[in-house]
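Everything below concerns the one structure shown next.
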Number of protein chains: 2
Amino acid sequence: MTEKKQGKIRIHSQEKILLAAQDEFITNGYKGATVQSIADLAGLPKANVLYYFKNKENIYHAVLEQTLDMWDQGIGDIVYSDGPKVAIEKFVSSKVQMSFKNPKASKIYAMEIIQGAQHLKEFTRTYLRKWVREKSKIFQQWIDEERMLNVDPVNLIFLIWSTTQHYADFDNQILTVMNRADYEEEDIEHVTQFLTQFILRGLEIK
Amino acid sequence: MTEKKQGKIRIHSQEKILLAAQDEFITNGYKGATVQSIADLAGLPKANVLYYFKNKENIYHAVLEQTLDMWDQGIGDIVYSDGPKVAIEKFVSSKVQMSFKNPKASKIYAMEIIQGAQHLKEFTRTYLRKWVREKSKIFQQWIDEERMLNVDPVNLIFLIWSTTQHYADFDNQILTVMNRADYEEEDIEHVTQFLTQFILRGLEIK
DNA sequence: TTTTATCTTGTTTATTTGGTCAGGAATTTT
DNA sequence: AAAATTCCTGACCAAATAAACAAGATAAAA
(Lines give C-alpha, C1' and ligand atoms only; values in the text may rest on other atoms or scores of the structure.)
Protein backbone atom coordinates (compact mmCIF):
# COMPACT_ATOMS: atom_id res chain seq x y z
CA MET A 1 0.00 0.00 0.00
CA THR A 2 2.05 2.92 -1.18
CA GLU A 3 0.23 6.10 -0.26
CA LYS A 4 0.95 9.16 -2.33
CA LYS A 5 2.56 11.89 -0.32
CA GLN A 6 0.22 14.82 0.12
CA GLY A 7 1.93 18.09 -0.68
CA LYS A 8 0.30 21.45 -0.08
CA ILE A 9 -0.59 21.92 -3.69
CA ARG A 10 -2.25 18.56 -3.82
CA ILE A 11 -4.44 19.24 -0.84
CA HIS A 12 -5.34 22.68 -2.08
CA SER A 13 -6.36 21.42 -5.49
CA GLN A 14 -8.29 18.52 -4.07
CA GLU A 15 -10.30 20.87 -1.91
CA LYS A 16 -11.08 23.09 -4.86
CA ILE A 17 -12.16 20.08 -6.85
CA LEU A 18 -14.40 18.76 -4.10
CA LEU A 19 -16.09 22.10 -3.65
CA ALA A 20 -16.67 22.39 -7.37
CA ALA A 21 -17.86 18.81 -7.54
CA GLN A 22 -20.36 19.37 -4.77
CA ASP A 23 -21.96 22.19 -6.74
CA GLU A 24 -21.93 20.25 -9.97
CA PHE A 25 -23.43 17.13 -8.43
CA ILE A 26 -26.17 19.15 -6.78
CA THR A 27 -27.17 20.97 -9.96
CA ASN A 28 -26.90 18.05 -12.33
CA GLY A 29 -27.02 14.86 -10.30
CA TYR A 30 -24.45 12.11 -10.45
CA LYS A 31 -25.08 11.04 -14.00
CA GLY A 32 -25.64 14.53 -15.33
CA ALA A 33 -22.46 15.91 -13.82
CA THR A 34 -19.47 16.15 -16.15
CA VAL A 35 -15.84 16.06 -15.21
CA GLN A 36 -15.25 18.93 -17.61
CA SER A 37 -17.76 21.05 -15.76
CA ILE A 38 -16.21 20.24 -12.40
CA ALA A 39 -12.82 21.16 -13.84
CA ASP A 40 -14.15 24.46 -15.15
CA LEU A 41 -15.74 25.31 -11.81
CA ALA A 42 -12.49 24.46 -10.05
CA GLY A 43 -10.46 26.44 -12.60
CA LEU A 44 -8.33 23.46 -13.55
CA PRO A 45 -7.84 21.43 -16.70
CA LYS A 46 -9.90 18.28 -16.85
CA ALA A 47 -6.83 16.09 -17.04
CA ASN A 48 -5.67 17.56 -13.77
CA VAL A 49 -8.92 16.73 -12.04
CA LEU A 50 -8.59 13.16 -13.27
CA TYR A 51 -5.04 13.10 -12.01
CA TYR A 52 -6.24 13.58 -8.44
CA PHE A 53 -9.34 11.39 -8.64
CA LYS A 54 -8.98 8.77 -11.27
CA ASN A 55 -12.60 8.87 -12.37
CA LYS A 56 -15.98 10.49 -11.83
CA GLU A 57 -17.17 7.83 -9.42
CA ASN A 58 -14.17 8.52 -7.22
CA ILE A 59 -14.94 12.21 -7.05
CA TYR A 60 -18.48 11.45 -6.06
CA HIS A 61 -17.40 9.04 -3.36
CA ALA A 62 -15.13 11.68 -1.91
CA VAL A 63 -17.98 14.19 -1.87
CA LEU A 64 -20.30 11.71 -0.20
CA GLU A 65 -17.72 10.83 2.40
CA GLN A 66 -17.31 14.49 3.29
CA THR A 67 -21.07 14.74 3.63
CA LEU A 68 -21.37 11.77 5.96
CA ASP A 69 -18.48 12.98 8.08
CA MET A 70 -20.26 16.25 8.54
CA TRP A 71 -23.46 14.52 9.56
CA ASP A 72 -21.51 12.46 12.05
CA GLN A 73 -19.73 15.38 13.63
CA GLY A 74 -22.29 18.16 13.42
CA ILE A 75 -25.14 16.22 14.90
CA GLY A 76 -25.84 16.84 18.53
CA ASP A 77 -26.23 13.49 20.20
CA ILE A 78 -29.33 12.46 22.09
CA VAL A 79 -28.38 11.08 25.47
CA TYR A 80 -30.61 9.75 28.19
CA SER A 81 -29.10 11.82 30.98
CA ASP A 82 -30.08 15.07 29.27
CA GLY A 83 -33.76 14.37 29.62
CA PRO A 84 -36.25 15.03 26.82
CA LYS A 85 -36.29 18.82 26.97
CA VAL A 86 -32.57 19.45 26.82
CA ALA A 87 -31.93 16.58 24.41
CA ILE A 88 -34.44 17.87 21.91
CA GLU A 89 -33.23 21.44 22.28
CA LYS A 90 -29.68 20.33 21.58
CA PHE A 91 -30.62 18.07 18.71
CA VAL A 92 -32.91 20.49 16.94
CA SER A 93 -30.56 23.38 17.29
CA SER A 94 -27.57 21.46 15.98
CA LYS A 95 -29.56 20.22 13.01
CA VAL A 96 -30.87 23.70 12.21
CA GLN A 97 -27.36 25.04 12.53
CA MET A 98 -26.11 22.46 10.05
CA SER A 99 -28.90 23.16 7.61
CA PHE A 100 -28.17 26.86 7.52
CA LYS A 101 -24.39 26.62 7.64
CA ASN A 102 -23.96 23.81 5.16
CA PRO A 103 -27.03 23.35 2.99
CA LYS A 104 -24.99 21.77 0.25
CA ALA A 105 -24.13 18.68 2.27
CA SER A 106 -27.76 18.24 3.11
CA LYS A 107 -28.72 18.57 -0.54
CA ILE A 108 -26.22 16.00 -1.73
CA TYR A 109 -27.56 13.62 0.86
CA ALA A 110 -31.18 14.35 0.02
CA MET A 111 -30.65 13.81 -3.69
CA GLU A 112 -28.90 10.55 -3.03
CA ILE A 113 -31.81 9.24 -0.97
CA ILE A 114 -34.50 10.50 -3.33
CA GLN A 115 -32.79 8.85 -6.26
CA GLY A 116 -32.81 5.51 -4.48
CA ALA A 117 -29.74 5.70 -2.24
CA GLN A 118 -27.70 3.81 -4.80
CA HIS A 119 -24.42 4.81 -3.20
CA LEU A 120 -25.69 4.90 0.39
CA LYS A 121 -27.66 1.67 0.79
CA GLU A 122 -25.12 0.32 3.23
CA PHE A 123 -25.01 3.48 5.32
CA THR A 124 -28.78 3.51 5.72
CA ARG A 125 -29.09 -0.18 6.41
CA THR A 126 -26.43 -0.29 9.07
CA TYR A 127 -25.44 3.01 10.61
CA LEU A 128 -28.68 4.94 10.30
CA ARG A 129 -30.94 2.06 11.26
CA LYS A 130 -28.91 1.47 14.36
CA TRP A 131 -28.95 5.15 15.23
CA VAL A 132 -32.74 5.33 14.98
CA ARG A 133 -33.14 2.16 17.07
CA GLU A 134 -30.94 3.52 19.82
CA LYS A 135 -32.50 6.93 19.97
CA SER A 136 -36.01 5.52 19.82
CA LYS A 137 -35.21 3.44 22.84
CA ILE A 138 -34.17 6.54 24.76
CA PHE A 139 -37.36 8.36 23.81
CA GLN A 140 -39.35 5.30 24.84
CA GLN A 141 -37.72 5.35 28.26
CA TRP A 142 -38.71 8.95 28.77
CA ILE A 143 -42.23 8.07 27.68
CA ASP A 144 -42.39 5.18 30.11
CA GLU A 145 -41.22 7.49 32.87
CA GLU A 146 -43.95 9.94 31.83
CA ARG A 147 -41.47 12.67 31.14
CA MET A 148 -42.89 13.19 27.68
CA LEU A 149 -46.08 12.41 25.81
CA ASN A 150 -46.58 8.96 24.37
CA VAL A 151 -45.88 9.45 20.67
CA ASP A 152 -44.22 7.08 18.24
CA PRO A 153 -40.49 7.80 18.67
CA VAL A 154 -39.56 6.78 15.13
CA ASN A 155 -42.02 9.18 13.57
CA LEU A 156 -40.85 11.82 15.99
CA ILE A 157 -37.32 11.41 14.71
CA PHE A 158 -38.55 11.66 11.12
CA LEU A 159 -40.42 14.82 12.04
CA ILE A 160 -37.31 16.43 13.46
CA TRP A 161 -35.18 15.40 10.50
CA SER A 162 -37.64 16.62 7.94
CA THR A 163 -38.45 19.95 9.51
CA THR A 164 -34.84 20.87 10.12
CA GLN A 165 -33.42 19.69 6.82
CA HIS A 166 -36.18 21.40 4.92
CA TYR A 167 -34.48 24.76 5.42
CA ALA A 168 -31.38 23.44 3.67
CA ASP A 169 -32.83 21.32 0.90
CA PHE A 170 -35.58 23.75 -0.05
CA ASP A 171 -33.74 26.99 0.64
CA ASN A 172 -34.49 28.16 -2.88
CA GLN A 173 -38.18 27.73 -2.44
CA ILE A 174 -38.25 29.23 1.02
CA LEU A 175 -36.28 32.29 0.01
CA THR A 176 -38.35 32.83 -3.11
CA VAL A 177 -41.62 32.44 -1.27
CA MET A 178 -40.47 34.87 1.40
CA ASN A 179 -39.13 37.18 -1.30
CA ARG A 180 -35.65 37.26 0.14
CA ALA A 181 -32.21 36.91 -1.42
CA ASP A 182 -30.37 35.07 1.33
CA TYR A 183 -30.74 33.70 4.80
CA GLU A 184 -29.44 35.92 7.55
CA GLU A 185 -27.83 35.08 10.85
CA GLU A 186 -30.98 35.82 12.82
CA ASP A 187 -33.00 33.35 10.76
CA ILE A 188 -31.09 30.53 12.39
CA GLU A 189 -32.09 31.66 15.83
CA HIS A 190 -35.66 32.32 14.76
CA VAL A 191 -36.16 28.92 13.17
CA THR A 192 -34.48 27.14 16.06
CA GLN A 193 -36.80 28.89 18.47
CA PHE A 194 -39.86 28.12 16.40
CA LEU A 195 -39.06 24.45 15.98
CA THR A 196 -37.91 23.67 19.51
CA GLN A 197 -40.90 25.40 21.05
CA PHE A 198 -43.30 23.77 18.67
CA ILE A 199 -41.88 20.31 19.13
CA LEU A 200 -41.53 20.51 22.89
CA ARG A 201 -45.09 21.75 23.11
CA GLY A 202 -46.22 18.77 21.05
CA LEU A 203 -44.58 16.47 23.60
CA GLU A 204 -45.67 18.14 26.81
CA ILE A 205 -47.83 16.22 29.18
CA LYS A 206 -50.75 18.43 30.10
CA MET B 1 -53.03 26.44 -34.48
CA THR B 2 -53.68 23.02 -35.90
CA GLU B 3 -53.86 20.59 -33.01
CA LYS B 4 -52.95 17.01 -33.72
CA LYS B 5 -55.88 14.71 -33.28
CA GLN B 6 -55.39 12.48 -30.28
CA GLY B 7 -56.19 8.89 -31.14
CA LYS B 8 -56.27 6.12 -28.57
CA ILE B 9 -52.87 4.82 -29.50
CA ARG B 10 -51.35 8.24 -29.16
CA ILE B 11 -52.70 8.77 -25.68
CA HIS B 12 -51.71 5.30 -24.63
CA SER B 13 -48.15 5.74 -25.86
CA GLN B 14 -47.85 9.21 -24.39
CA GLU B 15 -48.89 7.90 -21.00
CA LYS B 16 -46.39 5.10 -21.16
CA ILE B 17 -43.70 7.56 -22.11
CA LEU B 18 -44.55 9.95 -19.29
CA LEU B 19 -44.54 7.19 -16.71
CA ALA B 20 -41.20 5.94 -17.96
CA ALA B 21 -39.85 9.46 -18.08
CA GLN B 22 -40.87 10.13 -14.50
CA ASP B 23 -38.84 7.15 -13.33
CA GLU B 24 -35.90 8.04 -15.49
CA PHE B 25 -35.84 11.66 -14.37
CA ILE B 26 -36.03 10.64 -10.73
CA THR B 27 -33.17 8.17 -10.94
CA ASN B 28 -30.89 10.22 -13.15
CA GLY B 29 -32.01 13.83 -12.94
CA TYR B 30 -32.85 16.00 -15.91
CA LYS B 31 -29.41 16.13 -17.39
CA GLY B 32 -28.55 12.53 -16.64
CA ALA B 33 -31.73 11.16 -18.17
CA THR B 34 -31.46 9.82 -21.71
CA VAL B 35 -34.19 9.57 -24.28
CA GLN B 36 -32.97 6.09 -25.09
CA SER B 37 -33.47 5.01 -21.52
CA ILE B 38 -36.96 6.48 -21.41
CA ALA B 39 -37.74 4.67 -24.65
CA ASP B 40 -36.46 1.38 -23.25
CA LEU B 41 -38.50 1.77 -20.07
CA ALA B 42 -41.58 2.56 -22.14
CA GLY B 43 -40.89 -0.35 -24.48
CA LEU B 44 -40.77 1.85 -27.57
CA PRO B 45 -38.12 2.78 -30.07
CA LYS B 46 -36.39 6.03 -29.32
CA ALA B 47 -37.51 7.57 -32.59
CA ASN B 48 -41.08 6.96 -31.57
CA VAL B 49 -40.63 8.75 -28.28
CA LEU B 50 -39.22 11.73 -30.14
CA TYR B 51 -42.18 11.65 -32.48
CA TYR B 52 -44.54 12.39 -29.59
CA PHE B 53 -42.32 14.84 -27.74
CA LYS B 54 -39.92 16.51 -30.07
CA ASN B 55 -37.06 16.61 -27.59
CA LYS B 56 -35.96 15.78 -24.07
CA GLU B 57 -36.88 19.18 -22.69
CA ASN B 58 -40.43 18.70 -23.91
CA ILE B 59 -40.76 15.37 -22.16
CA TYR B 60 -39.55 16.95 -18.95
CA HIS B 61 -41.97 19.83 -19.24
CA ALA B 62 -44.83 17.40 -19.67
CA VAL B 63 -43.74 15.49 -16.58
CA LEU B 64 -43.45 18.69 -14.56
CA GLU B 65 -46.86 19.86 -15.69
CA GLN B 66 -48.40 16.60 -14.55
CA THR B 67 -46.69 17.07 -11.21
CA LEU B 68 -47.98 20.58 -10.68
CA ASP B 69 -51.49 19.59 -11.72
CA MET B 70 -51.43 16.92 -9.09
CA TRP B 71 -50.30 19.39 -6.43
CA ASP B 72 -53.09 21.71 -7.46
CA GLN B 73 -55.81 19.12 -7.34
CA GLY B 74 -54.71 16.83 -4.54
CA ILE B 75 -54.11 19.55 -2.02
CA GLY B 76 -56.87 20.12 0.47
CA ASP B 77 -57.50 23.81 0.63
CA ILE B 78 -57.25 25.84 3.82
CA VAL B 79 -60.36 27.95 4.26
CA TYR B 80 -61.22 30.33 7.03
CA SER B 81 -64.67 28.93 7.68
CA ASP B 82 -63.26 25.52 8.62
CA GLY B 83 -61.47 26.87 11.65
CA PRO B 84 -57.91 25.85 12.56
CA LYS B 85 -58.62 22.33 13.75
CA VAL B 86 -60.59 21.08 10.76
CA ALA B 87 -58.47 23.01 8.27
CA ILE B 88 -55.25 21.47 9.53
CA GLU B 89 -56.78 18.02 9.71
CA LYS B 90 -57.91 18.31 6.11
CA PHE B 91 -54.66 19.76 4.88
CA VAL B 92 -52.34 17.34 6.63
CA SER B 93 -54.37 14.31 5.66
CA SER B 94 -54.57 15.29 2.00
CA LYS B 95 -50.83 15.92 1.88
CA VAL B 96 -50.01 12.62 3.58
CA GLN B 97 -52.37 10.89 1.19
CA MET B 98 -50.58 12.42 -1.76
CA SER B 99 -47.17 11.50 -0.40
CA PHE B 100 -48.07 7.87 -0.02
CA LYS B 101 -50.15 7.52 -3.16
CA ASN B 102 -47.87 9.39 -5.50
CA PRO B 103 -44.36 9.70 -4.12
CA LYS B 104 -42.91 10.08 -7.58
CA ALA B 105 -44.56 13.42 -8.20
CA SER B 106 -43.24 14.67 -4.90
CA LYS B 107 -39.76 13.48 -5.76
CA ILE B 108 -39.71 15.16 -9.14
CA TYR B 109 -40.77 18.37 -7.47
CA ALA B 110 -38.26 18.03 -4.65
CA MET B 111 -35.39 17.43 -7.04
CA GLU B 112 -36.34 20.46 -9.06
CA ILE B 113 -36.28 22.70 -6.01
CA ILE B 114 -33.08 21.24 -4.57
CA GLN B 115 -31.31 21.70 -7.87
CA GLY B 116 -32.24 25.36 -7.96
CA ALA B 117 -35.76 25.29 -9.40
CA GLN B 118 -34.42 26.00 -12.85
CA HIS B 119 -37.65 25.01 -14.52
CA LEU B 120 -39.95 26.17 -11.73
CA LYS B 121 -38.72 29.63 -10.83
CA GLU B 122 -41.87 31.21 -12.15
CA PHE B 123 -44.18 28.81 -10.35
CA THR B 124 -42.51 29.49 -7.01
CA ARG B 125 -42.32 33.23 -7.48
CA THR B 126 -45.94 33.67 -8.44
CA TYR B 127 -48.26 30.84 -7.60
CA LEU B 128 -46.59 29.45 -4.50
CA ARG B 129 -45.71 32.80 -2.98
CA LYS B 130 -49.29 33.93 -3.37
CA TRP B 131 -50.57 30.70 -1.86
CA VAL B 132 -48.39 31.08 1.22
CA ARG B 133 -49.40 34.72 1.63
CA GLU B 134 -53.09 33.89 1.51
CA LYS B 135 -52.92 30.95 3.86
CA SER B 136 -50.70 32.81 6.31
CA LYS B 137 -53.31 35.49 6.48
CA ILE B 138 -55.95 32.95 7.41
CA PHE B 139 -53.75 31.48 10.13
CA GLN B 140 -53.07 34.98 11.42
CA GLN B 141 -56.77 35.65 11.69
CA TRP B 142 -57.25 32.55 13.80
CA ILE B 143 -54.33 33.63 15.94
CA ASP B 144 -55.81 37.09 16.43
CA GLU B 145 -59.10 35.51 17.43
CA GLU B 146 -57.18 33.34 19.89
CA ARG B 147 -58.36 30.15 18.27
CA MET B 148 -54.79 28.89 17.95
CA LEU B 149 -51.41 29.61 19.49
CA ASN B 150 -49.40 32.55 18.24
CA VAL B 151 -46.78 30.91 16.02
CA ASP B 152 -45.27 32.19 12.81
CA PRO B 153 -47.73 31.03 10.14
CA VAL B 154 -45.12 30.85 7.38
CA ASN B 155 -42.90 28.51 9.35
CA LEU B 156 -45.95 26.53 10.30
CA ILE B 157 -46.71 25.99 6.63
CA PHE B 158 -43.13 24.91 6.00
CA LEU B 159 -43.38 22.50 8.89
CA ILE B 160 -46.48 20.88 7.46
CA TRP B 161 -44.98 20.69 3.98
CA SER B 162 -41.74 19.18 5.14
CA THR B 163 -43.15 16.59 7.51
CA THR B 164 -45.72 15.34 5.06
CA GLN B 165 -43.56 15.28 1.97
CA HIS B 166 -40.77 13.57 3.85
CA TYR B 167 -42.63 10.26 3.62
CA ALA B 168 -42.62 10.51 -0.16
CA ASP B 169 -39.21 11.96 -0.87
CA PHE B 170 -37.33 9.84 1.64
CA ASP B 171 -39.40 6.68 1.35
CA ASN B 172 -36.27 4.68 0.62
CA GLN B 173 -34.59 5.82 3.79
CA ILE B 174 -37.68 5.39 5.93
CA LEU B 175 -38.38 1.89 4.68
CA THR B 176 -34.78 0.82 5.07
CA VAL B 177 -34.49 2.25 8.55
CA MET B 178 -37.72 0.53 9.58
CA ASN B 179 -36.57 -2.64 7.83
CA ARG B 180 -39.63 -2.85 5.65
CA ALA B 181 -40.11 -3.53 1.95
CA ASP B 182 -43.09 -1.29 1.20
CA TYR B 183 -45.55 1.06 2.77
CA GLU B 184 -48.90 -0.47 3.64
CA GLU B 185 -52.35 1.00 3.63
CA GLU B 186 -52.43 1.37 7.41
CA ASP B 187 -49.24 3.45 7.40
CA ILE B 188 -51.16 6.27 5.78
CA GLU B 189 -53.67 6.33 8.59
CA HIS B 190 -50.98 5.98 11.23
CA VAL B 191 -48.85 8.81 9.91
CA THR B 192 -51.87 11.05 9.39
CA GLN B 193 -52.91 10.45 12.99
CA PHE B 194 -49.44 11.08 14.31
CA LEU B 195 -48.92 14.31 12.40
CA THR B 196 -52.34 15.86 12.91
CA GLN B 197 -52.30 15.15 16.62
CA PHE B 198 -48.78 16.39 17.03
CA ILE B 199 -49.36 19.58 15.07
CA LEU B 200 -52.72 20.39 16.64
CA ARG B 201 -51.18 19.86 20.05
CA GLY B 202 -48.41 22.26 19.16
CA LEU B 203 -51.03 24.90 18.35
CA GLU B 204 -53.38 24.41 21.25
CA ILE B 205 -53.90 27.26 23.65
CA LYS B 206 -53.47 25.90 27.12
C1' DT C 1 -61.42 3.07 -53.38
C1' DT C 2 -58.50 6.89 -53.20
C1' DT C 3 -56.43 10.21 -50.68
C1' DT C 4 -54.75 12.24 -46.72
C1' DA C 5 -53.13 12.29 -42.13
C1' DT C 6 -51.11 9.81 -38.50
C1' DC C 7 -47.90 6.64 -36.72
C1' DT C 8 -43.58 3.84 -36.63
C1' DT C 9 -38.74 2.91 -36.89
C1' DG C 10 -33.88 1.91 -38.86
C1' DT C 11 -30.26 4.81 -40.11
C1' DT C 12 -27.37 8.72 -39.93
C1' DT C 13 -25.05 12.93 -38.08
C1' DA C 14 -22.88 16.06 -35.04
C1' DT C 15 -21.64 16.66 -30.46
C1' DT C 16 -20.48 15.50 -25.80
C1' DT C 17 -18.39 12.65 -22.55
C1' DG C 18 -15.25 9.69 -19.59
C1' DG C 19 -11.00 8.37 -19.55
C1' DT C 20 -5.99 7.57 -21.48
C1' DC C 21 -1.42 8.84 -22.54
C1' DA C 22 2.88 10.83 -23.53
C1' DG C 23 5.80 14.15 -22.45
C1' DG C 24 7.24 18.03 -20.04
C1' DA C 25 7.52 21.17 -15.67
C1' DA C 26 8.11 21.59 -10.88
C1' DT C 27 9.47 19.82 -6.61
C1' DT C 28 11.64 16.74 -3.42
C1' DT C 29 15.06 13.41 -2.18
C1' DT C 30 19.61 11.53 -2.36
C1' DA D 1 23.63 18.47 -8.92
C1' DA D 2 21.67 14.27 -10.18
C1' DA D 3 18.02 11.32 -9.69
C1' DA D 4 13.55 10.33 -8.51
C1' DT D 5 9.13 11.52 -7.64
C1' DT D 6 5.19 14.26 -8.06
C1' DC D 7 2.50 17.36 -10.65
C1' DC D 8 0.43 19.29 -14.88
C1' DT D 9 -1.76 19.42 -19.41
C1' DG D 10 -2.73 19.26 -24.54
C1' DA D 11 -4.03 15.91 -27.61
C1' DC D 12 -6.44 11.92 -28.47
C1' DC D 13 -10.02 8.10 -28.66
C1' DA D 14 -13.98 5.14 -28.19
C1' DA D 15 -18.49 5.17 -26.58
C1' DA D 16 -22.77 7.45 -25.77
C1' DT D 17 -26.14 10.71 -26.92
C1' DA D 18 -29.76 14.22 -28.81
C1' DA D 19 -31.86 14.94 -32.67
C1' DA D 20 -32.97 14.81 -37.74
C1' DC D 21 -34.47 12.25 -41.56
C1' DA D 22 -36.44 9.21 -44.91
C1' DA D 23 -39.33 5.84 -46.05
C1' DG D 24 -42.70 2.67 -45.03
C1' DA D 25 -47.07 0.98 -42.29
C1' DT D 26 -51.51 1.92 -40.57
C1' DA D 27 -55.70 4.15 -40.00
C1' DA D 28 -59.09 7.85 -41.04
C1' DA D 29 -61.52 10.77 -44.16
C1' DA D 30 -63.18 11.77 -48.69
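Side chains included, hydrogens not; waters and symmetry mates left out as well; all remaining heavy atoms used. Numbered from 1 within each chain, the chains take letters A, B, ... in sequence-line order.
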Rounded to the nearest 0.5 Å, what separates atom CG in A:Asn155 from atom CE in B:Met178? 7.0 Å
Listed by chain and number, what are the side-chain contact (heavy atoms from CB on, under 4.5 Å) partners of B:Pro153, not counting sequence neighbours? B:Ser136, B:Phe139, B:Gln140, B:Ile143
Whole angstrom is fine here: how far is it from CD in B:Glu24 over to C1' in D:dA18? 14 Å
Residues in side-chain contact (heavy atoms from CB on, under 4.5 Å) with B:Arg201, at least two apart? A:Leu149, A:Lys206
Phosphate OP1/OP2 of D:dC7 contacted by A:Tyr51 side-chain N/O (<4.0 Å): yes
Rounded distance in Å - CG (B:Leu44) to P (C:dG10): 11 Å
Set of side-chain contact (heavy atoms from CB on, under 4.5 Å) partners for A:Lys90, sequence neighbours left out: A:Asp82, A:Val86
For C:dT8, take OP1 and OP2 only and decide whether either is under 4.0 Å from a side-chain N or O of B:Tyr52. yes
Quick one: list whatever passes side chain to side chain donor-acceptor pair (under 3.5 Å) with B:His190, sequence neighbours left out. none
Could you check how far CZ of B:Phe53 sits from P of D:dA18, rounded to whole Å? 16 Å
Within the 4.0 Å limit for protein heavy atoms, which parts of nucleotides 14-20 of chain C are touched? Write it as a string from 5' to 3', B for base, S for sugar-phosphate only, - for none. ---SBBB
side-chain contact (heavy atoms from CB on, under 4.5 Å) with B:Thr176: which residues, sequence neighbours excluded? A:Thr124, A:Arg125, A:Arg129
